[in-house]
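Both ligands and their constituent atoms are indexed starting at 1 by order of listing. Values below: every heavy atom of this structure, side chains too, minus hydrogens, waters and symmetry copies.
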Amino acid sequence: MSGNRTFTMIKPDAVEAGHIGAILDKITAAGFKIVAMKYTQLSRRDAQEFYAIHKERPFFGELVDFMTRGPIVAAVLEKDNAVEDFRTLIGATNPAEAAEGTIRKLYARSIGENAVHGSDSDENAAIESAFHFSGREVF
Ligand code: CMP
């Protein structure tokens with residue numbers, strides 16, 4: 001059975017554009033409960049560590065520049081089948097390929113500046129949540 005928690009970030013592009021409230025509305029309207037949340041900014045070291053799996057990719061430098069250029073909202077979300085249902089809600093990585101009504105279709109600018117992050121597995125959801133939150137900050 002799949003787990004009931006996932007991790008998300010509202011990325012700098014969506015924060016800069018004033019979409020925090022609209023995106024949180026979509027998330028809660030879809031039945032996700034927010035069990036941890038913070039407004040923060042990643043250091044370069046944070047972003048390099050968080051995205052270490054992508055370090056050999058040609059877009060890695062661009063990704064680190066983007067994710068550190070301004071504040072983000074990090075959150076842990078709870079719902080049955082959280083990882084898969086959240087990835088459906090946010091849509092494809094590339095907003096040009098994202099389904100109508102998805103968060104990326106509505107708010108993302110490009111494959112790089114794609115408004116939100118969603119964990120791709122239960123294992124990564126746990127790792128990513130622990131990267132951003134201590135046990136005392138998750139309810
Ligand atoms: P996400 O899936 O949240 O985590 C990895 C990120 O790398 C992805 O979102 C995009 O922001 C970024 N990314 C993936 N593919 C590309 C690409 N081809 N060019 C630039 N950035 C990318």
Side-chain angles (χ1 to χ4, degrees):
M1 199 184 105
S2 61
N4 66 345
R5 288 191 170 187
T6 191
F7 171 78
T8 187
M9 291 182 286
I10 302 176
K11 299 185 181 184
D13 58 326
V15 173
E16 285 160 12
H19 296 317
I20 294 174
I23 291 172
L24 291 178
D25 260 356
K26 294 275 290 179
I27 290 171
T28 53
F32 290 89
K33 182 179 166 195
I34 296 166
V35 295
M37 185 161 70
K38 66 173 68 162
Y39 187 69
T40 186
Q41 184 160 355
L42 298 177
S43 68
R44 293 192 71 80
R45 184 190 283 190
D46 291 334
Q48 285 162 354
E49 189 180 334
F50 188 88
Y51 288 111
I53 195 167
H54 296 304
K55 68 175 186 295
E56 305 302 335
R57 303 280 195 100
F59 58 79
F60 185 67
E62 195 183 313
L63 177 61
V64 171
D65 288 347
F66 164 55
M67 286 302 299
T68 58
R69 81 172 184 214
I72 61 160
V73 175
V76 182
L77 305 174
E78 187 174 270
K79 181 184 182 296
D80 287 347
N81 202 36
V83 166
E84 192 183 334
D85 286 2
F86 192 68
R87 287 175 74 83
T88 301
L89 179 67
I90 66 180
T93 304
N94 185 349
E97 292 162 12
E100 288 301 327
T102 59
I103 291 174
R104 284 175 172 153
K105 185 71 175 185
L106 290 166
Y107 302 114
R109 296 169 175 170
S110 66
I111 191 167
E113 302 202 5
N114 62 359
V116 280
H117 171 82
S119 305
D120 63 3
S121 66
D122 291 341
E123 186 190 4
N124 282 337
I127 293 167
E128 292 169 1
S129 298
F131 184 89
H132 284 270
F133 296 98
S134 72
R136 282 190 299 120
E137 295 174 307
V138 181
F139 294 89

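- The ring pair (Phe, Tyr, Trp, His ring centres under 6.0 Å) test applied to His132 returns Phe7, Phe50, not counting sequence neighbours.
- The 4.0 Å heavy-atom shell around ligand 1 contains residues Lys11, Tyr51, His54, Phe59, Glu62, Leu63, Arg104, Ile111, Gly112, Asn114, His117, ordered by chain and number.
- Residues meeting the side chain to side chain donor-acceptor pair (under 3.5 Å) test with Glu128, sequence neighbours left out: His117, Ser119.
- Taking every heavy atom of both residues into account, Val76 and Ser129 meet most closely at CG2-OG, 3.6 Å.
- Glu137 contributes a side-chain N or O that, together with a main-chain N or O of Ser134, makes up a donor-acceptor pair within less than 3.5 Å.
- With sequence neighbours left out, Asp65 forms a side-chain contact (heavy atoms from CB on, under 4.5 Å) with Arg44.
- Panel note: side chain Arg87, backbone Gly118; a donor-acceptor pair is recorded below 3.5 Å.
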